[in-house]
Amino acid sequence: MAAFTRSTSTRFQSDPWLKRGLAGVVSLVVLSPMVGAFAQLTAPPSHDDLREYQGEVGSCRRVNAAEVLVYSTSDLERAPGTQIGALTGGTYVHLTGIVRQVGNDKIVQVYRADGGRLSNQPVGWVAANRLAPCP
């Protein structure tokens, strides 16, 4: 038995691939929980309340308020710093078909009907109750 232990020990010391493999396994075991925790912190929130309505894709809507604020996220004013612009009353937009239902409120993703951008983004989010069907 002593001979077996000695030969295994000698083999481990002389085999750099075995050393690296063991170091890799130890690193993986030690770092895995930290990587998982980091991924949870940096992952964007997912919303189970997002739906796509294919029949609404490209549908025309008109802003029916004096002004409607446009946001880069469907969280609207609940996410500070996400306002990317405003649309004045009578502006025409098209729906992407993506809708988020939050309680009784519907939030829709839109793009400008004239091909213009909403700030530096091609799409934005607005409260659906601020839009009316196009005439």
Side-chain angles (χ1 to χ4, degrees):
M1 182 131 171
F4 176 74
T5 304
R6 199 161 115 200
S7 69
T8 303
S9 174
T10 305
R11 180 170 176 236
F12 177 74
Q13 290 174 353
S14 65
D15 189 352
W17 290 104
L18 189 59
K19 284 183 188 178
R20 289 184 194 142
L22 183 59
V25 169
V26 169
S27 297
L28 185 61
V29 169
V30 170
L31 294 177
S32 288
M34 290 191 288
V35 170
F38 181 72
Q40 288 176 347
L41 293 175
T42 60
S46 73
H47 297 293
D48 293 333
D49 47 10
L50 284 175
R51 301 283 182 263
E52 179 182 16
Y53 295 94
Q54 291 183 355
E56 295 292 321
V57 174
S59 295
C60 182
R61 295 291 185 272
R62 183 179 50 81
V63 175
N64 67 357
E67 180 179 76
V68 63
L69 299 178
V70 183
Y71 296 88
S72 63
T73 173
S74 64
D75 289 328
L76 301 185
E77 67 272 357
R78 293 181 291 277
T82 61
Q83 182 183 342
I84 59 171
L87 297 169
T88 57
T91 302
Y92 291 93
V93 295
H94 290 292
L95 302 178
T96 65
I98 306 297
V99 177
R100 180 174 180 210
Q101 183 81 39
V102 180
N104 292 329
D105 299 326
K106 279 190 181 177
I107 302 159
V108 294
Q109 190 179 57
V110 299
Y111 60 94
R112 297 233 335 234
D114 62 6
R117 292 181 174 258
L118 299 165
S119 180
N120 62 350
Q121 291 188 234
V123 297
W125 294 89
V126 299
N129 64 354
R130 301 295 187 113
L131 303 176
C134 293

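Atoms considered below: every heavy atom in the structure, side chains included; atoms not considered: hydrogens, waters and symmetry mates.
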Notebook entry, point to check: Side-chain contact, heavy-atom cut-off 4.5 Å: L87 with R112?
Noted result: yes
Item checked: Closest heavy-atom pair and its distance - I84, G124 -> CD1-CA, 4.2 Å
Item checked: Gap between atom OG1 of T73 and atom CD of Q83 - 0.5 Å precision -> 13.0 Å
Notebook entry, point to check: If you group Ile, Leu, Val, Met, Phe, Trp and Tyr by side-chain heavy-atom gaps below 4.5 Å, do Y92 and V57 land in one group?
Noted result: no
Checklist line | Point-to-point distance, once rounded to the nearest 0.5 Å, from CZ of R61 to NE2 of H94 | finding: 10.5 Å
Next item on the list: Compare every heavy atom of L76 with every heavy atom of A127, then report the nearest pair and how far apart it is.
Entry: N-CD1, 4.2 Å
Check: For W125, which of V70, D75, I98 qualifies under side-chain contact (heavy atoms from CB on, under 4.5 Å)?
Finding: I98
Next item on the list: Quick one: do R51 and E56 satisfy salt bridge (charged side-chain N to carboxylate O under 4.0 Å, His left out)? Show the steps, please.
Entry: CA-CA 11 Å; R51 301 283 182 263; E56 295 292 321; over 6 Å; no
Note to self: For a quick test of reading the model, state the closest non-hydrogen atom pair linking V99 to V108 and the distance between them.
What the structure shows: CG2-CG1, 3.9 Å
Next item on the list: Apply the test side-chain contact (heavy atoms from CB on, under 4.5 Å) to residues L131 and V63: give CA-CA distance (whole Å), side-chain angles for both, the deciding distance (0.1 Å), then the verdict.
Entry: CA-CA 5 Å; L131 303 176; V63 175; 4.0 Å; yes
Next item on the list: Return the minimal non-hydrogen interatomic distance between R62 and P135, and the atom names on each side.
Entry: NE-CD, 4.1 Å
Item checked: Distance (rounded to the nearest 0.5 Å) between Y71 OH and I107 CD1 -> 10.5 Å
Check: At their closest point, which heavy atom of N64 faces which heavy atom of R130, and how far apart are they?
Finding: OD1-O, 2.7 Å
